[in-house]
Structure formats: C-alpha cells, structure tokens
Amino acid sequence: MTDLILGIDLGTTNSLVGIVDSGFPILLAGANGSRMTPSAVYFPDGEGEPLVGAEALRLRMAKGERVVTSVKRLMGTRETVMEWGGRKWGAEDVSALILGKLKQIAEAAMVEETAGKPITRAVITVPAYFNDGQRNATKRAGERAGLIVERIVNEPTAAALAYGLDKLNESSKVAVYDFGGGTFDISILELNEGVFQVLSTNGDTRLGGDDIDGEIARALWRLAGGDGDRVPDSFGEAARQAKCALSAAETFPVRLPFYDGEKSFEREITREWFEKVARKVIERTRGHCLRALSDAGLEARALDAVVLVGGSTRIPLVRALVREVFGREPDVSQNPDEAVALGAVIQAGILSGAMRNMVLLDVTPLSLGIETFGGLMNVIIPRNTTIPVKRGELFTNAVADQSSMRIRALQGERELARDNWELGAFEIPFEGGPRGSARVGVQFAIDANGILQVLARDTATGRDEVLEIQSAAVDVGDEKVEAMINESVEHAFEDMNARRWTEGKMKSDELLPAVDQALAMLGDSLDAEEKARVEAAAAEVRMALESGSVSRLKAANQSLDEATETMAAMLVERAMSGI
Ligand code: AMP
C-alpha cells in the first residue's frame, strides 16, 4: 500500500487530513477524536519540541506569546513569526510542522493498512488566489514535512469535487461561496473536460465568523451596561456560542455569572436580534460576489450550481443572502467544514487510482464463498453485496490429525461446491490435532477495483496464505450470471436435498463412532433395555445412510440423539466424579 496519497486541507484556523480507504474518501481523526486540527503551534520556552494542534491552542491563554496561529496569511513572505531553537521561524517552517502533524495523524490511523510504513505522498489545497510564490512555499512546507506534494489544488475546486459537481455537463459553471472563521472567498469555476477552471475569484482575507463574534460580543457588552471597546473575553466566547446555537434555534439564553468577579449578565437573545447585529458583516460578502460574477462575465442565472463551504455558511442569514445574490437555492448537502478536505482526498484518490470505480457503486453479481465439509458451498459474500467489502468466517478441521486445509474460492448460487465455479484454490497448513481443534479464519476482501483477495489464517500460528483474483469476482458477463441464477432456481429442490443429505451424513459420521465409544466405556453399568434402545437407534441410522433418504436420515439422527440422552448424562457424571 505504498501508493496511498493523503488529501490535506491546510487551513488558516483548522487543518484536516484524509485518505481513500477501500474506495471511500474518509477524513481521519487525531488522538483526541477530532478531525479538525487547529493550525496552531506552541514553541516551548525551554526544553522540548514544538506542539501542534489542540494542545498548542490550549496554551494560548497561559503562554500566548509562544503560540503561533494563522500563518497561512503570511505564506510566501519572509516575515519571522517566532524565534526558537536559535533560529527564525517563518510561515513556511510553521506550516511544515502542521503538515508533519497531519502526516502523523494519518499514519497512526492507517497503521494496519500500511503495516507501520510512512505515508509519503500528498495533495494539498490552497486558496484560488494564491500566487506562484505562495503555492511554492506550500509545496516546500510539505516537502519539509517528508511529503512528496503530488499536486496543489485550489480550495474551491476541491469543494466542487466534494459536492460531486464534476458530474455536471461540460462547461457547467458553479460558484463556491466559502465563508470561514477568518476569511471569505468567492470563486466562479467552469468545468471543462472534467477539469475545473477558475474563471474569477474575489474575497477578503480579513472577513469571517470571528468578525461576527466581535460584533455580537460588543452588542452583548453594551446590553450589560459596559462601555468602550474593551470587551471581556468571556463575552467573546458567549457570542460565539450564541451564534452557533442560533443557526439552529430561534432563541438562546446568554448567561455570564460574575463575569468581572461581581457583576452577572443574563439575557435571552433571539435570532432576529442576532441577525440585526450580524447583518453588516454578512452583507460585506455581497459586493465580492457581484464582482466575481462580473469578472467572470456572467450573470447569476448562468450558474448551474452554488455550493457552500466554511462553518459560517451554517448561519441562516448567510444562506438567505446567497439565495438572494445568486437567485437560487444553494447546495448544502456537504459538511461545510469538511468539503475542501474531502475534495482534496477525492483528488488524491483519483491520482493514486484508488477511486476509479467511485462513480458507479459496483455489486457482486454472484455469491462468493468456499467449499466446506462434505462438498458444500459456504457463502461468505452473498450476491448483490456492494463493493468494496470485507467479510470472514472461522473454519475448523473435519477429521483428526489433518495437517492442512484446502481453500477453494467459489462463485455461484448452487448449494454444492462442484456446481459452482472455482476461482482459485490453495492449501493452508496447520498443526494436526483432534477433529474441530484447528481454527482457520478465511477472509474475502474485494477492493474498489473488483480485485478479490482471499486470505486464510491459522489463528494458532498467525500464519497467512493469500490468493489474489483479478476482477473475476465482479466482472462476470450478464449472460453467465443469468444462466447461473436460472440453474440455481431450477435445481433449488435437489440442491436443498443435497445440502440436507450432506449435513445429515456429517452428523451421522460424528454420532456413530461416539455412540460406539460410549457403549464400550459404560459396559455393564448401562441397563440392558437402555442399551438395546441405543443399539437399535444406531442401526436405524446406518440403514438410513444406506437408503439415501434425506428425511429418514434426519429422523434417525434425531432418534439416536434422544436415545443416548441417559447415556450421555451418565458419562458426564462419571467425568465429574473422576471415575
Ligand atoms: P471554518 O474556518 O470553515 O472552520 O469556519 C469556522 C467558522 O465557522 C467559525 O467562525 C465558527 O464560529 C463558525 N461556525 C461553526 N459552526 C457554526 C454554526 N453552527 N453557526 C454559525 N457559525 C458557525
């Protein structure tokens, strides 16, 4: 799995990393369970290494002067943001630390898939307006973190991919409205030959949800009777909380007990009040949208879609403004905080070839399984299962002192192995022992490309045998599938009988020697009548086996089971009393 490529959203306030796993793009959580890693770095005073992410952010209150945030704004400049370890650190150096952390998160999350090997390739997103210098700086930061940067992707392009807009018609035009914590970007894209081109971009690198928090905090402060611009931090935090809550609720109770050690503030605020205060910040995005449209030479109605990115687009008033400016309902089907990262992962998946079958969800046309005891088909993945898929089962040895098991990978709908198609076979060795003592796990995994991997593991030694079958598990002609299904319906009755016969016979093969052994052990301690009953039942099983009748065999097995109950109880008692 050395062809894994990470998708990374290297954001101003938060960064995310993901990967295509088993054909699906997923975002990966760090040790604290969050998929968002704050783009913050703490440089310790004395000993120790820099800390990245939530840990760094937590130290901002206590050691603000040692914590660096928002370096993305300085990307491509020579500005020093920190002096530490005898050298000067710029935006590129700090970004390398953040990217290194994301690489670590991905490697930890994927350790099983990679067997602990490093992941060395990545796709990183940047704002559409980044110039060459800023793009190169981002690329170098990636390299410094030990990543080969396969591609730098525009954030709106990534978002459009996440929204599935690459499936639109040729020369479709879309607007990506990205309103985050600290920045606002609007981009107009055009789809050409499956690739997005940026027609125009506009925005403000100093406009975001933080500004809304500021307005709300000041308004709350005034309500509390405060004056001047020195608003306590607790009001800022309450403002942010109220803002997020009011995206879903109509009212929110702001409570700030003893905010200055003495005074308390309490007020139920409404969405209407919030909108009155926040409106002027949100309105500032309007002009940028109009300019982007005009730069692209388009009218709003020429757009085929408008998608929303960034946490601040959860605010209903923001959505109302987008609706008004673009004259259409925005697409809100993706998580606005994750759309860019998800798009980066999809782009990475396309590059690595892990996403080829993404468009169409494939299913297994026929059941897949292995041959088990008595030549029966044991289905592991039923037909019509969506791929990629991974399923397994535990098997054991049918006879004593068997030292290997033959795994035959089969495809088809018939009950007997011999009526199905063999895709491949191999032997898995294990320690000989009594019947039923071996434990062999068999796992079928079909990846997004339809490649079937059959893995058998002797759980005692952990030893694996693997068989890889190219696409045969998924690529079967429609006619052959139809023929197989028709056959299975046609033979359903006899197949079922065959299965029941085999199962019955296996049960007899298990019972008869056990009964003989028990009779010998108990000898005279069993009364004559009891003994005669058991012997008669055993004789009936032998005759049923001769007769070939499924129902007779089943009934005989059951009678023998019942006839031996007393005997079995005696054996248990003996074992317990240690005779
Ligand atoms: P981003 O930079 O895309 O992560 O956006 C973060 C911004 O979105 C911050 O200003 C958050 O306060 C804001 N935000 C997150 N969730 C919500 C919400 N439910 N309602 C309003 N704003 C939100």
Side-chain angles (χ1 to χ4, degrees), residues 8-18 27 29-30 34-40 53-54 57 60 69-73 75 98 102 125-128 154-156 158-160 162-163 176-187 203-220 233 235-252 254 269-279 281-285 307-322 330 332 334-344:
I8 294 176
D9 169 8
L10 182 61
T12 309
T13 40
N14 288 300
S15 295
L16 294 97
V17 61
L27 297 175
S34 170
R35 295 195 288 252
M36 283 208 219
T37 298
S39 305
L57 208 55
R60 195 156 62 165
T69 58
S70 298
V71 292
K72 187 171 174 179
R73 296 186 196 282
M75 211 57 165
I98 297 168
L102 298 173
T125 58
V126 297
N154 288 323
E155 286 162 11
Y163 274 96
V176 180
Y177 180 101
D178 180 350
F179 199 13
T183 58
F184 170 68
D185 294 303
I186 174 77
S187 313
D204 185 339
T205 55
R206 304 269 162 191
L207 173 59
D210 299 347
D211 299 295
I212 297 175
D213 300 347
E215 289 296 331
I216 301 293
R218 272 190 292 280
L220 288 175
D233 282 343
F235 278 70
E237 182 47 32
R240 198 193 53 77
Q241 256 181 26
K243 172 187 75 173
C244 292
L246 289 169
S247 286
E250 286 295 329
T251 62
F252 181 79
V254 176
I269 61 169
T270 63
R271 187 184 287 174
E272 200 188 339
W273 179 88
F274 166 82
E275 292 186 344
K276 219 154 68 198
V277 180
R279 182 175 298 274
V281 175
I282 294 170
E283 272 296 330
R284 281 169 61 198
T285 67
V307 301
L308 301 184
V309 179
S312 300
T313 63
R314 291 207 178 86
I315 299 172
L317 186 61
V318 170
R319 294 186 176 184
L321 178 130
V322 173
V332 295
Q334 297 296 315
N335 180 335
D337 299 311
E338 299 186 342
V340 169
L342 196 65

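None of the values given here were measured: they were computed from a predicted structure. Both counts, for ligands and for their atoms, begin at 1 and track the order of listing.
In this structure, a donor-acceptor pair under 3.5 Å is absent between the side chains of S15 and T37.
Of the possible donor and acceptor atoms, one in the side chain of S312 sits under 3.5 Å from a partner among the backbone N and O of G180.
In this structure, the side chain to side chain contact (heavy atoms under 4.5 Å, CB included) partners of N335, at least two apart in sequence or on a different chain, are R314, D337, E338. A219 is linked by a side chain to side chain contact (heavy atoms under 4.5 Å, CB included) to R222, W273, V277, counting only residues two or more places apart in sequence or in another chain. T13 is linked by a side chain to side chain contact (heavy atoms under 4.5 Å, CB included) to nothing, counting only residues two or more places apart in sequence or in another chain.
Around CZ of R319, the count of heavy atoms belonging to other residues, nucleotides or ligands within 6.0 Å exceeds 12.
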Which protein N or O atoms sit under 3.5 Å from any N or O of ligand 1? Give each pair with its distance.
{"unit_1": "ligand 1", "atom_1": "2 (O)", "unit_2": "G181", "atom_2": "N", "d": "3.0"}
{"unit_1": "ligand 1", "atom_1": "3 (O)", "unit_2": "G311", "atom_2": "N", "d": "3.0"}
{"unit_1": "ligand 1", "atom_1": "5 (O)", "unit_2": "G181", "atom_2": "N", "d": "3.4"}
{"unit_1": "ligand 1", "atom_1": "5 (O)", "unit_2": "G311", "atom_2": "N", "d": "3.2"}
{"unit_1": "ligand 1", "atom_1": "8 (O)", "unit_2": "S312", "atom_2": "N", "d": "3.2"}
{"unit_1": "ligand 1", "atom_1": "10 (O)", "unit_2": "K243", "atom_2": "NZ", "d": "3.2"}
{"unit_1": "ligand 1", "atom_1": "12 (O)", "unit_2": "K243", "atom_2": "NZ", "d": "2.7"}
{"unit_1": "ligand 1", "atom_1": "16 (N)", "unit_2": "R314", "atom_2": "NH1", "d": "3.2"}
{"unit_1": "ligand 1", "atom_1": "20 (N)", "unit_2": "S247", "atom_2": "OG", "d": "2.6"}

